[in-house]
Amino acid sequence: MADVDTQREAVLDALDNVAARLSEEKSYLTDLDSAIGDADHGANMQRGFSKAAEKRDDFAEMDPDEVVKNVGTTLISNVGGASGPLYGGSIMFASQELEGGITAETSVAFAEAYLDKVKDRGGAQVGSKTMVDALVPAVHTYKKSIEQDDLPPLEALAKAVDAAERGVEFTTPIKALKGRASFLDWRSVGHQDPGATSTLFIMEELLATAEAYLDGDVERDARAEDAVRRDE
Ligand code: ADP
Ligand code: MG
């Protein structure tokens, strides 16, 4: 396991990368949310993660799990909407799994705790057309890749990101059962879920950061590539 300073640096870099990506994707996420929600998801996510990234200096002496916990509390107080408590509260809750440091094993525990909290708080299941549709396949794939297939964490994470991407695609043809989009009933069909999409973007940045630290370059599944991103 990398030493505590390296782990903290990795967490802070991940935070910077996520904040930068969500700033880039702000208008795309807003477009998705304007189709089936209230057009604030891009601004919510951008604001929350930028606030957390601005606290980089405050996090300089903290253990990695404390940094993660503080990112969660910052999101709770700055994101708002349904996604603030879901993202922030679940990150905060899951951070305790990283108390002993970040390893393959504790990262699986973190992912599972995060998913459990999102499901518990929001009451959504697979098929509700929410972030849960990206998270469930991602977390299950990650856990299986590490625990059963014995893959290195980087490869496991790449597979999890591919699984999340397919989960995002799956949200388009289904009807929303939770959140604001559910008010539209059948009119929500045919639109990609914003929260599942932001979940994918965050995971992609975690993978990019892990690649830099674990010194690897992994192939993503070609089939899924670019399927759910905006046209550039
Ligand atoms: P709001 O819907 O309050 O405007 P956001 O626009 O920031 O909040 O976030 C919307 C996203 O939150 C949705 O696209 C969906 O993925 C997610 N979401 C909403 N309600 C739930 C829920 N009950 N469980 C899980 N995710 C949810
Ligand atoms: Mg919204």
Side-chain angles (χ1 to χ4, degrees), residues 18 21-22 24-46 48-49 79-87 90 111-112 114-145 156-208 218-232:
V18 169
R21 178 73 185 274
L22 292 171
E24 261 173 51
E25 306 284 1
K26 181 179 167 183
S27 63
Y28 176 62
L29 292 171
T30 295
D31 288 349
L32 293 179
D33 197 33
S34 56
I36 53 170
D38 56 354
D40 64 350
H41 191 59
N44 284 343
M45 297 303 288
Q46 185 270 329
F49 278 92
V79 175
S83 57
L86 286 170
Y87 270 114
S90 307
E112 284 191 296
Y114 179 83
L115 171 61
D116 284 350
K117 200 65 177 177
V118 170
K119 286 170 79 174
D120 191 43
R121 275 180 177 249
Q125 300 292 334
V126 168
S128 301
K129 197 183 181 93
T130 69
M131 53 179 78
V132 170
D133 292 320
L135 281 170
V136 165
V139 173
H140 289 188
T141 299
Y142 189 63
K143 182 180 168 70
K144 177 180 179 291
S145 299
L157 187 54
K159 283 190 181 297
V161 175
D162 287 332
E165 189 149 10
R166 286 189 281 276
V168 172
E169 290 171 38
F170 166 69
T171 64
T172 301
I174 62 177
K175 185 176 89 162
L177 303 176
K178 290 284 173 190
R180 274 178 201 281
S182 66
F183 305 159
L184 293 176
D185 200 52
W186 287 103
R187 280 175 294 143
S188 65
V189 169
H191 300 281
Q192 187 175 308
D193 180 64
T197 308
S198 59
T199 295
L200 171 64
F201 292 155
I202 292 169
M203 288 189 62
E204 286 183 338
E205 295 308 318
L206 297 182
L207 175 61
V218 286
E219 295 229 343
R220 295 273 309 277
D221 176 350
R223 194 196 71 81
E225 206 165 292
D226 285 336
V228 298
R229 280 186 214 101
R230 69 194 188 291
D231 295 330
E232 294 195 87

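Annotation: side-chain hydrogen bond (donor to acceptor under 3.5 Å, both in side chains) contacts of D120 (sequence neighbours excluded): none. For A43, the side chain to side chain contact (heavy atoms under 4.5 Å, CB included) partners two or more places apart in sequence, or in a different chain, are K26, R47. Contacts of F170 classified as side chain to side chain contact (heavy atoms under 4.5 Å, CB included), with partners at least two apart in sequence or in another chain: V126, D133, I174. Take E112 and apply the side-chain hydrogen bond (donor to acceptor under 3.5 Å, both in side chains) test, not counting sequence neighbours, and it matches K143. Judged as a side chain to side chain contact (heavy atoms under 4.5 Å, CB included), and not counting sequence neighbours, the contacts of V132 are V118, K119, A124, T130, V136.
Heavy atoms only, all atoms of each residue included: A196 and T171 are closest at CB-CG2, 4.0 Å. For the residue pair S188 and K129, the shortest heavy atom distance occurs at O-NZ, 3.0 Å.
Although no hydrogens or angles enter the test, the distance criterion places no donor-acceptor pair under 3.5 Å between the side chain of T199 and the main chain of A134. Although no hydrogens or angles enter the test, the distance criterion places a donor-acceptor pair under 3.5 Å between the side chain of S145 and the main chain of T141.
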Let me check something: any side-chain donor-acceptor pairs from residues 31-42 under 3.5 Å, sequence neighbours excluded? List them with distances.
| from | atom 1 | to | atom 2 | distance (Å) |
| --- | --- | --- | --- | --- |
| D33 | OD2 | A39 | N | 3.2 |
| D33 | OD2 | D40 | N | 2.9 |
| D33 | OD2 | H41 | N | 3.1 |
| S34 | OG | T30 | O | 3.3 |
| S34 | OG | D31 | O | 2.8 |
| D38 | OD2 | R180 | NE | 2.9 |
| D38 | OD2 | R180 | NH2 | 3.3 |
| D40 | OD2 | N44 | ND2 | 3.2 |
| H41 | NE2 | S198 | OG | 2.8 |

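Inter-residue side-chain proximity for H140 and P137 is flagged as unmet; no heavy-atom pair is nearer than 4.5 Å.
Distance check: T172 OG1 to Q192 CD gives 4.5 Å after rounding to the nearest 0.5 Å. Distance check, rounded to the nearest 0.5 Å: CZ of F49 to CD1 of I202 gives 4.0 Å. To the nearest 0.5 angstrom, K117 atom NZ is 12.5 Å from L115 atom CG. The distance from atom NZ of K175 to atom CG of D185, rounded to the nearest 0.5 Å, is 4.0 Å.
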Could you walk me through whether M45 and Y87 pass the side-chain contact (heavy atoms from CB on, under 4.5 Å) check?
CA-CA 9 Å; M45 297 303 288; Y87 270 114; 3.2 Å; yes
Go through the steps for E204 and E165 under the test side-chain contact (heavy atoms from CB on, under 4.5 Å), then give the verdict.
CA-CA 10 Å; E204 286 183 338; E165 189 149 10; 4.1 Å; yes
